[in-house]
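Here is the structure we will look at, set down as structure tokens.
Just so it is clear: chains get the letters A, B, ... in the order the sequence lines come, proteins before strands, and each one is counted from 1.
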There are 2 protein chains.
Amino acid sequence: MIRLLLADDQALVRGALAALLQLEDDLEVVAEVARGDEVLPAVLEHRPDVALLDVEMPGLDGLSAAREVVARVPACRVLMVTTFGRPGYLKQAMEAGASGFVVKDTPARQLADAVRRVHSGLRVVDPALAAESLTQGASPLTERETDVLRAASDGGTVADIARELVLSEGTVRNHLSNAIGKTGARTRAEAVRVAVDNGWLVPR
Amino acid sequence: MIRLLLADDQALVRGALAALLQLEDDLEVVAEVARGDEVLPAVLEHRPDVALLDVEMPGLDGLSAAREVVARVPACRVLMVTTFGRPGYLKQAMEAGASGFVVKDTPARQLADAVRRVHSGLRVVDPALAAESLTQGASPLTERETDVLRAASDGGTVADIARELVLSEGTVRNHLSNAIGKTGARTRAEAVRVAVDNGWLVPR
DNA sequence: ACCTGGCCATGACACCTGTCACGGCCGGGC
DNA sequence: GCCCGGCCGTGACAGGTGTCATGGCCAGGT
């Protein structure tokens with residue numbers, strides 16, 4: 001019997017996934033949580049064999065939650081189940097120690113198989129996404145450029161960003177300019193869009 | 001036996017919802033589609049009693065798909081099931097002729113109830129969202145302002161927008177300025193964010 | 001017929017942005 | 001040690017952006 005934990009902020013999806021997985025004879029959902037910061041406590045309490053984590057969650061994003069789980073409870077495998085197939089997410093998830101990565105528009109029946117493979121120690125990765133991730137590679141943005149672009153993503157002015165990150169306005173403009181150049185964009189908004197689409201930037 | 005159609009672009013979610021609803025004795029999923037433009041053909045072919053539609057779908061958005069179904073197959077009730085609780089979506093959904101509107105983070109067990117209520121001719125609306133929708137009201141943006149803001153949402157420059165909508169650059173700037181004023185924003189990017197959050201703008 | 005309000009356009013102006021050149025600081029690798 | 005590359009800052013400049021005033025056109029309501 002494989003014990004599962006489900007983490008997804010949408011109660012309907014969470015419940016539906018539970019219903020889907022309960023249909024399998026060898027799977028058992030032992031815990032459900034709605035927030036990223038509830039994952040580790042729930043894992044510690046219920047000791048599941050596999051944790052299915054969404055990337056986008058309130059409180060704490062799924063990637064950070066995965067890191068926590070891998071560090072504190074190595075016996076629990078982590079399978080990321082995400083809405084968006086951003087190439088960068090895959091890389092970050094693997095670096096975080098996740099054992100698998102599936103997109104939410106993969107066929108439903110494959111999920112149970114993925115869970116079993118992960119539980120048996122194998123790694124599960126969406127093939128199409130893996131290919132894209134290899135060609136696409138990692139983020140070209142430096143850490144600071146990412147910070148600045150992230151701060152710019154809610155539409156604030158340069159002065160706002162400078163205040164938020166405690167930087168000079170000139171520096172902010174430079175980082176933005178670099179980010180714009182590296183993303184091939186012509187506007188900061190375009191740069192944000194490109195970075196988010198590639199998974200170099202976690203939205204919000 | 002209530003016959004259901006499911007429309008959601010994420011196969012995993014779609015399959016999971018199907019599993020969840022099949023558990024009910026009086027519900028039967030007769031069709032599943034992944035795209036908005038597949039909804040009407042499937043409805044015509046399978047004649048479901050209730051259609052569950054996601055708002056965000058490729059091909060055709062859920063609201064337009066709802067309009068199609070209501071116009072062509074009045075016997076089929078429409079229940080919108082969406083990820084985001086944007087107040088504006090509710091209003092648009094009701095104007096499109098939908099019989100219900102539930103958010104994906106409502107408890108899973110309520111979905112079957114909502115389906116039954118809708119099937120019996122009642123209207124189902126998320127209470128919290130209804131309240132917000134009433135206070136929030138409709139979009140303050142004119143049609144043209146919405147168009148321009150929408151065109152601006154992918155980060156293009158004023159010249160790009162003018163070319164795309166075949167307008168003068170000055171006119172574009174005026175519409176943008178108006179939209180910025182009405183949304184209480186200080187940047188076009190901020191205005192886009194506000195408009196999207198309130199459901200005045202359909203993303204992408 | 002009149003007025004209102006949305007849409008389109010022009011022109012002008014202050015301000016913000018994106019870019020470039022330049023310099024300084026620091027940690028890591030040959 | 002030296003050089004490289006990321007990080008931070010300054011200053012300056014062309015061009016884009018947001019705002020305002022002004023005016024014409026047209027549909028709908030009184």
query: Asp54(B) and Lys104(B): salt bridge (Lys or Arg N to Asp or Glu O under 4.0 Å), yes or no, with the steps?
result: CA-CA 10 Å; Asp54(B) 193 354; Lys104(B) 277 188 184 167; 3.4 Å; yes

- request: Provide, to the nearest angstrom, the distance between the CG atom belonging to Leu141(A) and the P atom belonging to dG5(D).
  value: 18 Å

message: Looking at Glu24(B) and Arg116(B), is there a salt bridge between them, counting it only when a charged N and a carboxylate O are closer than 4.0 Å?
response: yes

task: Grab the CD-C1' distance between Glu190(B) and dG18(D) for me, whole Å please.
output: 13 Å

query: Are OP1 or OP2 of dC16(C) and a side-chain N or O of Thr157(A) less than 4.0 angstrom apart?
result: no

message: Strictly below 4.0 Å, N to O, side chains only: are Arg193(A) and Asp154(B) in salt-bridge contact?
response: no

task: Indicate whether OP1 or OP2 belonging to dG5(D) is found under 4.0 Å from a side-chain N or O atom of Thr142(A).
output: no

- prompt: Between Arg72(A) and Glu68(A), is there a salt bridge with N-O shorter than 4.0 Å?
  reply: no

statement: With five pairs defining each end axis, the helix from dA1(C)-dT30(D) to dC30(C)-dG1(D) comes out bent, to 10°, by 30°

- prompt: With no hydrogens and no angle check, is any side-chain donor or acceptor of Thr183(B) less than 3.5 Å from a backbone partner on Ala179(B)?
  reply: yes

query: Between Asp160(B) and Arg186(A), is the closest basic N to carboxylate O distance under 4.0 Å?
result: yes

field: Arg188(A) vs dG18(C): side-chain N/O to OP1/OP2 distance below 4.0 Å
entry: yes

query: Counting side-chain heavy atoms from CB outward, which of dG18(D), dC7(C), dG18(C) is closest to Ile180(A)?
result: dG18(C)

query: So, does Thr187(A) use its side chain to make a donor-acceptor pair with the main chain of Gly155(B) at under 3.5 Å?
result: yes

message: As an exercise, state the distance from CD of Glu164(A) to CZ of Arg150(A), rounded to the nearest 0.5 Å.
response: 8.0 Å

message: Just checking Arg109(A): does its CZ atom have more than 12 heavy atoms from other residues, nucleotides or ligands closer to it than 6.0 angstrom?
response: no

message: Counting the atoms with a prime plus P, OP1 and OP2 as sugar-phosphate, which does Arg186(B) contact under 4.0 Å by heavy atoms, base, sugar-phosphate, or nothing?
response: nothing

message: Output the rounded distance in Å from CG (Leu176(A)) to P (dG16(D)).
response: 18 Å

message: Let's test your reading of the model: under 3.5 Å, does the base of dG18(C) pair with the side chain of Asn174(A) as donor and acceptor?
response: no

task: Quickly work out the Glu145(B) CD to dT19(D) P distance and round it to whole Å.
output: 12 Å

- prompt: To the nearest angstrom, how far is Asn178(A) atom CG from dG18(C) atom P?
  reply: 12 Å

message: If I take atom CD in residue Glu143(A) and atom C1' in nucleotide dG27(C), what distance separates them, rounded to the nearest angstrom?
response: 14 Å

Member of Val192(A), Asn198(A), Val196(A) meeting the side-chain contact (heavy atoms from CB on, under 4.5 Å) criterion with Val194(A): Asn198(A)

- line: CE (Met80(B)) and CE (Met94(B)) are apart, to the nearest 0.5 Å, by 10.0 Å

- prompt: Roughly how far, to the nearest 0.5 Å, is the CG atom of Asp49(B) from the NE2 atom of His119(B)?
  reply: 4.0 Å

Distances under 3.5 Å between nitrogen or oxygen atoms of protein and nucleotides 13-15 of chain C:
none

message: With the threshold set at under 4.0 Å for non-hydrogen atoms, list the residues of residues 158-172 of chain B touching DNA chain D in residue-number order.
response: Val158(B)

message: Would you say His175(A) places a side-chain N or O within less than 4.0 Å of OP1 or OP2 belonging to dC8(D)?
response: yes

